[in-house]
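Report on the structure given below.
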Amino acid sequence: EIGSGLVGSEMCIETDVYTYETGDRVPKIEKIQTIPSTAPERTSQLTAACTIRMSEDETHLFCSNAGDNSVSVYERDAQTGLLKLLCCLPISGDYPKDIAIFPDGNHLASINHGSNSISFFQVEYKEKLLVMSGRSISVNEPNCCVITKDLREERKQTKWQKELIARMAGSTYGKILTMTCLLYTSD
C-alpha cells in the first residue's frame with residue numbers, strides 16, 4: 001500500500017507531507033514537502049499551528065493557527081499528496097484550538113478556546129475565501145468538536161446544542177438534514 005501522511009508542528013509553524021509505502025516489516029516513509037501552516041505575512045512569534053483536518057474527500061487540508069487566530073486552507077494534489085495554500089484568513093475568535101469540517105466539505109466550525117466560542121464558515125474554494133455564516137455561539141472553554149450527519153437518536157440536548165442545531169436549520173447548512181455536534185470542554 002502506498003499513501004501520504006501529514007504532520008503539523010506547533011513550534012515550527014509548519015506542516016510536513018510524507019509518502020509511505022508499507023513493507024514486510026516497517027513502512028518506508030519519506031518527507032516530500034514542508035509548507036508553512038499560516039500565510040507568511042501573518043507569521044509572528046506568537047503563532048502556533050493547533051489542528052490539521054482533512055476534508056472527507058481528501059482534496060483539502062485545513063490548519064488552525066493560534067496567535068494569529070486564523071485558519072489556512074490548502075488544496076491537496078491527489079497524485080502526489082503535495083499541498084498548495086489557497087487562503088489563510090481570520091476566524092473571528094481567539095485561540096482556535098480545533099476545527100471541525102462539516103460532512104459536505106464546504107463548511108467548517110472554528111473551536112475558539114480563548115474567546116469561549118464556535119464560529120462557522122462557508123469555504124469558497126474557487127474564490128479562496130472563508131465566509132462567516134452567522135453569529136458565533138458561546139461555549140465555555142471549548143477544546144474539540146466532531147460533526148456528524150444523520151444521527152437521529154433522540155437524547156437530552158444542552159442549550160448550546162439546541163442553539164447550534166436551530167442555527168444550522170435556518171442557514172446555508174440546510175442541506176445537512178440532521179446534524180449533531182459533539183463538543184468536549186475543559187469543564
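In this text, all values refer to a predicted model and were calculated from it rather than measured experimentally. FYI, side chains are in, hydrogens and waters are out, and symmetry mates aren't considered; it's all heavy atoms of this structure.
Nearest heavy atom pair, residue Ala66 against residue Pro96, reads CA-CD, 3.9 Å. The two residues Cys63 and Ile99 come nearest to each other via the heavy atoms N-CD1, 3.9 Å. Listed here is the closest heavy atom pair of Pro142 and His113: O-ND1, 2.8 Å. Contact between Asp104 and Asn106 at its shortest, heavy atoms only, is OD1-N, 2.9 Å. Taking every heavy atom of both residues into account, Leu82 and Gln33 meet most closely at CA-OE1, 3.4 Å. Annotation for Ser110 and Leu108: closest pair N-CD1, 4.1 Å, computed over non-hydrogen atoms.
Ile101 is not listed as a side-chain neighbour of Glu56, based on a closest heavy-atom distance of 4.5 Å or more. Taking 4.5 Å as the limit, some side-chain heavy atom of Leu86 sits within range of a side-chain heavy atom of Glu75. Taking the side chain as every heavy atom from C-beta outward, Arg76 and Leu83 approach each other to under 4.5 Å.
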Q: Verify side-chain contact (heavy atoms from CB on, under 4.5 Å) between Phe62 and Val123, making sure each step is shown before the conclusion.
A: CA-CA 11 Å; Phe62 302 84; Val123 183; 4.0 Å; yes
Q. Please walk me through it: do Phe121 and Leu129 pass side-chain contact (heavy atoms from CB on, under 4.5 Å)?
A. CA-CA 9 Å; Phe121 298 88; Leu129 291 173; over 6 Å; no
Q. When you look at Asn143 and Asp98, which way does the side-chain contact (heavy atoms from CB on, under 4.5 Å) test go after all the steps?
A. CA-CA 7 Å; Asn143 282 322; Asp98 194 14; over 6 Å; no
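Rounding to the nearest 0.5 Å places CD1 of Ile137 at 9.0 Å from OG of Ser117. With rounding to the nearest 0.5 angstrom, the CD1 atom of Ile35 is 10.5 Å from the NZ atom of Lys84. Ile91 CD1 to Ile118 CD1: the interatomic distance, rounded to the nearest 0.5 Å, is 11.5 Å. Between atom CG of residue Asp77 and atom OG1 of residue Thr59 there is a gap of 11.0 Å, rounded to the nearest 0.5 Å.
At a cut-off of 3.5 Å, with distance as the only test, no side-chain donor of Ser138 or Asn116 sits close to an acceptor on the other residue.
Qualifying side-chain hydrogen bond (donor to acceptor under 3.5 Å, both in side chains) partners for Glu58, counting only residues two or more places apart in sequence or in other chains: none. For Ser64, there are no side-chain hydrogen bond (donor to acceptor under 3.5 Å, both in side chains) partners at least two apart in sequence or on another chain.
Ser72 places no side-chain N or O within donor-acceptor distance of the main-chain N or O of Cys88, the cut-off being under 3.5 Å. Asn69 places a side-chain N or O within donor-acceptor distance of the main-chain N or O of Tyr95, the cut-off being under 3.5 Å. A distance-only check finds a donor-acceptor pair linking the side chain of Ser55 to the backbone of His60 [under 3.5 Å].
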Could you pull out every donor-acceptor pair under 3.5 Å between side chains of residues 25-32 and any protein atom, sequence neighbours left out?
none

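Between Asn112 and the options Ser119, Ser136, Ser92, a side-chain hydrogen bond (donor to acceptor under 3.5 Å, both in side chains) holds for only Ser119.
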